[in-house]
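What follows is a single structure, written as structure tokens, with notes after it.
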Amino acid sequence: MSTTATLPGGPGRQSGQDILNLVLTVGLLPVLMAIVIIGTSLMSPYFLGWMNVVNILRMASFLAIIACGQAMVIIAGGFDLSVGAVVALASVVTAKAMAAAASAIGGPDILAIVIGIAAGLGSGLAVGLFNGLCVARLKVSGFVVTLGTMSATAGIGLLLTNGIPVYGMPKGFVQAIGRSQILGFPLAIYIALAVVLAMAFVQRRTLFGRYVYAIGGNQEAAVVSGVSIRRHLVGTYVLSGGLAATVGILLTALVGSGQASLGGDAMMLQSIAAAVIGGVSLRGGIGRVEVVAVAALFLTILGNALNLLHIDSRLQPIFLGLIMVLAVALDEFSRRRMSRV
Amino acid sequence: MEPAATSTTPRNETAEPLLVLSGVTKRFPGVLALDDVDLDVKAGELHVLFGENGAGKSTLINVISGTFPPTSGSFRFGGEEMAELTPHKARAIGISPVFQEFSLVPSLTVEENLFLGRERSAAGILDAGGMRRRARELIAELGFDLDPKARVDKLDRAHQQMAEIAKALLGKVRLLILDEPTASLTERETGRLFELIARLKSQGVGIIYVSHRMREIRALADRVTVLRDGRHIKTLDAATVTDSELVELMTGRKIDVLFPAITHRPGEVAIAVEKLATADGQVADVDFFARAGEITGVAGLVGCGKSELVRAIYGIEPIASGSVTLRGETVTALDPRSSLRRGVAYFPANRGVEGLALSRPIRENVSMAALDLGRYQRRGIIRRTAERSLIGPIMETLKLRPPNIERAVGNLSGGNRQKVMLGRAMARDLDIFLFDEPSVGIDVGAKVEVYEFIKRLVEAGAAVVVVSSELPEVLALSNRLYVMHHGRIAALLEGEAMTEQNVLSSFFEEEAREKAA
Amino acid sequence: MSDADLAAPAKPAAIDARGSRILQGTGWARQLALPIALVLLLAGFGLADDRVLTTYNLLNIAQQTSYLALFAMAQMVVILTRGFDLSLGPTVSMVSVAAALAMAGIGGADANGIVAVLAAIAAGFALAAACGLFNGVVVSILGVSPLVATLGSMNIAIGVATTISDGRPVQGVPAAFADLFYRGSILGLPIAIVIAILVGGVLAFVLSRTVFGRSLYIIGTNPQAAAVAGIPVKRLLVYAYVLCSALAALGALMMTARTGSGEPNLGGTLSLQSIAAAVVGGTSLAGGRGGVGSAALGALFITILSNGMNLTRIDGYVQMIVLGAIVILGVVLDRLRLDGR
Amino acid sequence: EDSASWWPFPVYDASSGTPTEAEYTPLEKADKAYNICVLFPHMKDSFWVAVAYGIVTQAKAENVNMNLYEAGGYENLPKQISQFDDCMASGADAIVVGAISGAGLTQKFAEAAEKKIPVVGVTNPLPKDALPAANYVDFVAMGGVTAKGLLSAIGDEEANVVTFPGPAGSGWAEDFNKGFKDTVEGHDNVKILDEKFGDSGVAVQLKLIQDALQTYPEMNVIWGTAPTAEAAIGAVQLAGRPDIKIISSYENQAMLDALNGGQILAFATQYPVAEGAMAIDQAVRLIEGKDVMKLAQPKADVIDETTAKDLNMDLVLAPADWNPEYSVKAK
Ligand SMILES: Nc1ncnc2c1ncn2[C@@H]1O[C@H](COP(=O)(O)OP(=O)(O)OP(=O)(O)O)[C@@H](O)[C@H]1O
Ligand SMILES: Nc1ncnc2c1ncn2[C@@H]1O[C@H](COP(=O)(O)OP(=O)(O)OP(=O)(O)O)[C@@H](O)[C@H]1O
Ligand SMILES: [Mg+2]
Ligand SMILES: [Mg+2]
């Protein structure tokens with residue numbers, strides 16, 4: 001197989017081929033990201049400052065965690081529009097439960113903290129379970145189900161708080177989870193790393209990961225091969241709900257109060273964007289979480305760079321939109337070139 | 001075969017047959033796909049299911065392999081009553097189906113597909129190494145030219161078929177079910193498969209085999225069961241039954257000759273291809289021509305680029321270099337739309353993927369490629385009455401069954417789907433026809449009708465190109481036959497020289513020449 | 001033929017066959033289920049509050065529905081081709097602002113009526129066409145998934161809308177404009193309803209009776225087959241996105257007349273709402289299934305639901321929960337009915 | 001829940017165009033149990049809960065029926081318009097509206113006028129003479145008040161400000177920002193480094209602030225919405241920059257707590273509870289054809305540590321244990 005017929009052979013072709021092959025394996029994303037990083041650091045001295053790097057990584061962590069869950073759902077052929085609302089619900093539930101526990105039991109903070117986190121995670125898992133059961137049992141499209149739960153979950157979050165921030169969490173929670181650092185990096189980054197590594201392992205090495213690919217790739221084939229569809233579909237939504245709730249808890253610790261305004265549509269759209277830019281196919285069956293995490297980082301860096309480059313905040317969405325489309329179009333283009341070679 | 005050997009020692013003759021179906025009925029909304037079918041398969045026997053498209057063969061197989069339960073009736077396997085069978089359970093007890101619609105996940109690799117649903121794992125964690133070794137072993141054992149690490153969607157249909165067969169043979173097998181396994185295999189792989197079948201039979205594996213190819217049935221079958229309209233018509237001993245008897249039972253009418261006698265009257269050169277190379281490298285340096293009034297055949301092994309050749313002529317395969325001349329006019333920038341305007345039609349091998357919009361009515365599928373004509377529309381507005389009165393008769397001449405052009409194509413059997421494709425060619429005035437595997441997956445009756453259709457086209461002066469993996473078919477139909485090998489023309493056979501022997505030897509000569517070079 | 005198309009797994013024939021059988025066999029049931037649900041819903045609200053079923057309120061519902069129905073129809077056109085348009089909402093904002101600016105530019109409230117109206121229409125449709133063209137080209141020619149493409153243009157449109165308006169409502173809409181697009185009435189029917197019915201009628205004709213419409217269904221059902229059959233898939237996809245944006249622009253003009261000013265936030269949540277309306281009405285996100293009726297019914301359903309809840313005085317947050325639950329219930333019922341046969 | 005102690009409430013009477021000092025005292029009771037429909041942009045923060053508290057309390061005091069609808073956010077103008085229609089359809093005697101966009105509702109106002117349904121504007125500014133009665137503080141003036149607070153707090157010190165006005169395109173964010181900028185103009189020691197528009201959720205604001213901390217190391221004043229200030233408290237602490245002063249352009253519970261904890265310099269208030277209460281009274285007066293103050297403007301104040309003690313908290317925030325009620329039934 002070669003393109004000798006099309007291209008005159010000669011020196012340079014081989015290296016071109018090598019670059020092309022490299023791009024095929026790592027994708028275009030890192031290349032684009034390098035361009036953005038180098039460009040921005042030349043124009044802004046603060047961009048590569050320690051604090052800024054930490055900031056970027058922290059923000060990217062939140063997005064990456066949610067996008068991992070979203071990616072698993074999309075790979076299985078679904079869609080989770082409710083993640084933004086789950087972030088908000090988990091934040092509110094965590095704060096309320098923790099505050100209530102703290103004032104009820106007094107005693108050591110740790111107990112209240114554990115109760116709060118468990119409640120927050122539980123709320124996310126519950127929404128995920130509901131999504132999953134609707135999709136798997138009733139065979140309704142994930143898009144519509146999660147559109148419904150998105151509205152309902154946001155409603156519950158607001159109903160619980162009337163939109164008023166929830167205070168009264170033990171100081172220890174904010175200090176330990178939100179503000180603590182290990183080797184100079186905030187906890188969120190480690191959690192995100194752990195999540196991405198764990199999910200990468202799940203995708204490659206576990207039955208669950210394998211079945212998620214199979215279900216998204218060809219559900220009929222999975223059925224006749226004896227894969228239990230329901231259980232694994234439910235699993236992806238529960239996972240996505242749980243990860244979104246994790247982010248809700250981390251954000252709550254960071255801002256120091258439970259807020260029904262955390263998350264929202266923006267978070268949901270961004271998580272889907274990260275997944276898709278990270279090469280997850282909306283038709284299911286294809287995608288790797290580690291690339292999705294890189295895409296999350298890319299999106300975060302992009303936003304940060306626009307701010308640091310003093311781009312008018314009203315013009316920023318225009319740049320963001322153009323670059324996003326460009327990134328995916330280039331990727332698509334190179335992939336097509338590739339399949340010719 | 002290691003697994004088979006451990007599972008079955010030939011059972012003693014008096015024991016109950018391996019599989020016994022009694023009174024199995026399956027009803028789909030609006031369709032009675034199986035109607036009170038009785039059937040038995042003995043260990044070590046190859047039992048052919050024979051019947052027209054839509055007779056219920058695949059449905060029967062699906063019931064046996066646990067895909068869905070029968071509406072009523074029961075079946076026993078290995079002496080046990082099978083109730084609430086799931087695909088998983090079926091495989092676990094040794095029922096291994098090879099489906100017509102492949103059960104492969106396109107985005108996974110061959111190896112991952114082989115083990116799908118039966119992964120080796122501990123505590124949910126996969127034993128990747130073990131599975132890889134076993135996959136390699138199995139593929140080597142089967143003698144397939146298959147890369148276990150290749151992604152299934154990157155394989156052609158033939159290799160997908162091999163993966164599907166390998167998947168069925170992975171576990172312990174007591175009953176192997178093959179639904180048209182050779183529909184997209186060429187001679188060589190088919191030969192391998194037959195050797196394998198013989199081996200399995202000798203180990204006492206029962207085999208259910210579905211095929212529309214008489215030659216295979218002759219070569220393999222111990223017994224043949226004929227199904228018609230979901231009913232069991234008769235079970236016969238293969239040794240004593242004749243082809244025409246079988247065909248008559250199947251169709252309810254007599255069919256004497258499969259291939260019609262075609263009078264070729266070669267006229268002007270309709271397609272001339274010079275030094276053609278496709279962008280994907282599948283076709284390189286091909287010179288080729290086809291004349292009006294004759295059938296030009298293209299034969300070749302799997303992946304030799306014969307499909308790509310006609311696809312490039314039609315304009316759906318990017319061309320890297322070379323030229324295509326249609327009726328003396330050299331055309332640049334080929335695309336389906338302009339090809340149709342120049343009178344060129346293409347019939348894809350994979351009708352489901354490239355041919356038909358399954359949920360749309362037959363009428364729309366037939367007129368689909370002709371909507372730019374004034375007959376069907378005026379200023380972009382479709383003339384519905386005209387459309388109906390034009391399409392109706394076309395499908396009538398093609399003997400569409402049932403003759404209702406408002407039904408969705410997805411409801412049709414394979415043969416009738418192919419008729420819809422043929423109808424598309426009659427919906428506009430065309431005179432160059434490119435057929436890619438025109439008879440794949442359709443029953444004998446429908447095949448005869450397709451051949452008759454091709455005959456009519458040629459005798460009316462059209463230029464027809466037939467690309468096929470089924471050697472008897474291209475040999476019988478063609479006036480001239482190109483043999484392709486690795487993207488190049490290996491031989492051009494005409495007249496007396498067009499024999500199976502010559503085709504095969506030109507493959508091997510080419511192979512030898514390449515080895516030497 | 002793009003590689004992405006080829007890689008897409010073909011739907012197993014059995015599923016498609018079944019889907020189509022349902023379409024055929026239960027055509028009338030599909031048509032009637034939602035209307036019956038609508039009547040029941042309306043009757044229920046009518047029992048709860050006697051103002052629901054007054055002529056005044058019914059007209060009110062009809063008028064509110066007309067806007068959402070227009071947007072749902074716009075969305076449906078691209079959903080038919082397996083796409084969707086997340087930029088629809090921001091396009092509405094952008095058109096609203098641009099039209100108002102155009103009118104303000106030529107004299108504001110005192111401008112000559114006809115000139116002002118023409119200016120608004122020209123500015124609005126020009127921008128919308130540009131946006132649709134962008135979406136269409138990026139989706140069909142560059143091969144970017146509709147989600148990312150329109151997520152990108154969504155950001156761009158938001159940026160444009162806030163930048164050209166300076167973030168403030170643009171005032172000075174002449175009375176002639178408001179008369180034409182909002183205040184007028186024909187045969188006692190408010191103009192919005194008349195426009196929606198007219199557009200719906202024309203669109204229904206286009207979809208069912210023209211080569212363009214027929215081709216959209218075929219492309220949505222099997223894009224590869226469409227290409228092989230010589231249908232100019234890429235060109236028609238571009239047209240579909242332009243048509244979607246143009247319909248959105250018409251809705252935007254009507255809404256601008258309704259608000260009496262150009263509003264940079266007018267489209268806010270319309271993207272998701274219009275998708276929800278189309279899908280709840282029975283348009284399939286898998287492409288090739290749906291029509292004007294489904295979009296209009298979906299819009300009517302959502303409007304009646306929120307009107308009824310407002311008139312029966314259901315709390316805002318509870319409304320969100322109920323809306324979510326009903327959306328899910330709607331598709332579940334749809335599903336059960338399909339399975340029940 | 002007794003509103004008696006709130007009155008008389010000092011306001012500017014701007015009915016004639018030029019604000020003059022005045023006092024607002026509501027009616028004792030309405031003649032009849034009217035139906036009043038209330039529309040809010042949203043109820044997602046304690047600010048609007050405070051307005052709702054004023055509305056509910058006064059509706060009970062004057063014994064009228066009240067139903068409150070919220071549109072779910074500033075991006076939902078079409079929804080608010082539909083709710084306005086629904087209010088008219090449900091036979092309301094008067095409508096009180098916290099407008100998502102004053103300009104965007106002018107058509108509706110005209111329709112209500114045609115139908116003789118009185119409409120009262122509350123809290124959010126409206127085009128001049130759009131309605132027969134309204135009460136709100138000019139947001140430009142509110143922005144100005146906070147700027148004055150800052151100026152007096154810093155004296156001659158240098159102030160390098162980044163403003164975080166809120167969502168672009170909301171109108172109010174732009175107005176707040178304008179008021180602030182106009183007032184500090186001409187003071188050489190105050191420099192505005194940048195304006196960062198963005199959704200007024202804590203998470204979004206946090207990200208903007210963190211980016212700004214990197215972009216502008218010289219920044220020592222953060223001025224923005226209440227969620228901005230909330231996010232800033234943590235961000236500033238994380239960045240180790242306790243010298244940065246934080247000012248909020250409006251009030252909520254968190255701002256009060258933060259002020260008491262010394263974490264922010266100041267916040268502005270427009271007495272939202274009083275606004276809600278006045279709106280109900282204005283509506284009743286319009287229905288009954290009584291004398292009404294056409295435009296009442298509460299005296300916006302900037303609250304810092306020193307003034308916090310004297311503040312009548314009843315008029316700024318709803319009691320912590322108060323749960324919003326969406327409807328009031330007359331007895
Ligand atoms: N899942 C299904 N739902 C509804 N009807 C079905 C389904 N599967 C098959 N049928 C119908 O049942 C009948 C028998 O189909 P089946 O696939 O068993 O035929 P077949 O003998 O395998 O034909 P072929 O030779 O074309 O493969 C046909 O009329 C078909 O349309
Ligand atoms: N040994 C192989 N392993 C994997 N893929 C192969 C192999 N040989 C060919 N292919 C793939 O097969 C495709 C071409 O096969 P295709 O079936 O279209 O050719 P063909 O000449 O029409 O053969 P046929 O019509 O007999 O199936 C190419 O995509 C090529 O990459
Ligand atoms: Mg079959
Ligand atoms: Mg082929």
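Note on naming: letters A, B, ... go to the chains in the order of the sequence lines (proteins, then strands), and numbering restarts at 1 for each one. Predicted model, so just to flag it, every value in this text is computed and none were measured. Note: hydrogens, waters and symmetry copies are ignored here, and every other heavy atom, side chains too, is used.
- Here the shortest heavy-atom pairing between C:I158 and A:P317 reads CG2-CG, 4.4 Å.
- C:V279 touches chain A through its side chain: at least one heavy atom from C-beta onward sits under 4.5 Å away, while N, CA, C and O do not.
- Partner of C:V148 under the side chain to side chain contact (heavy atoms under 4.5 Å, CB included) criterion, out of A:I272, A:V328, A:L282: A:V328 alone.
- If you measure heavy-atom distances from A:L147 to chain C, the contacts under 4.5 Å come from the side chain alone.
- At most 12 heavy atoms of other shown residues, nucleotides or ligands fall within 6.0 angstrom of atom CZ in A:F130.
- Between the CD1 atom of A:I318 and the OG atom of C:S153 there is a distance of 12.0 Å, given to the nearest 0.5 Å.
- Looking only at distances, a side-chain donor or acceptor of A:S151 sits under 3.5 Å from a matching main-chain atom of C:M320.
- In this structure, CG on A:L315 lies 7.5 Å from OG1 on C:T162, to the nearest 0.5 angstrom.
- Chain C forms more heavy-atom pairs under 4.5 Å with one residue of A:L322, A:L320, A:T153, A:T146 than with any other, namely A:L322.
- Residue with the most contacts toward chain C among A:V144, A:V276, A:V145: A:V144 (heavy-atom pairs, distance under 4.5 Å).
- Of the two parts of C:V138, only the side chain, counted from C-beta on, holds a non-hydrogen atom closer than 4.5 Å to a non-hydrogen atom of chain A.
- The residue from A:L138, A:V140, A:T149 that alone fulfils the side chain to side chain contact (heavy atoms under 4.5 Å, CB included) condition with C:I328 is A:T149.
- For C:L151, the parts lying under 4.5 angstrom from a heavy atom of chain A are both the backbone and the side chain.
- Within the 4.5 angstrom heavy-atom criterion, only backbone atoms of C:I141 (N, CA, C, O) approach chain A.
- Only one option out of A:L159, A:L160, A:T161 pairs with C:Y317 in a side chain to side chain contact (heavy atoms under 4.5 Å, CB included); it is A:L159.
- Taking CG from C:L272 and CG from A:L81, the interatomic distance works out to 6.5 Å, rounded to the nearest 0.5 Å.
- A distance of 8.0 Å separates CG of C:L285 from CZ of A:F79, quoted to the nearest 0.5 Å.
- Contact annotation for C:A276: both backbone and side-chain heavy atoms come within less than 4.5 Å of a heavy atom of chain A.
- Here the CG atom belonging to C:L147 is positioned 7.5 Å from the CD1 atom belonging to A:I74, to the nearest 0.5 angstrom.
- Interface remark: A:I156 contributes backbone and side-chain atoms alike to the contact with chain C (heavy atom separation under 4.5 Å).
- Looking at heavy atoms from C-beta onward, C:N155 lies out of side-chain contact with A:Q316 at the 4.5 angstrom threshold.
- Between A:M324 and C:M154, the closest side-chain pair of non-hydrogen atoms is not below 4.5 Å.
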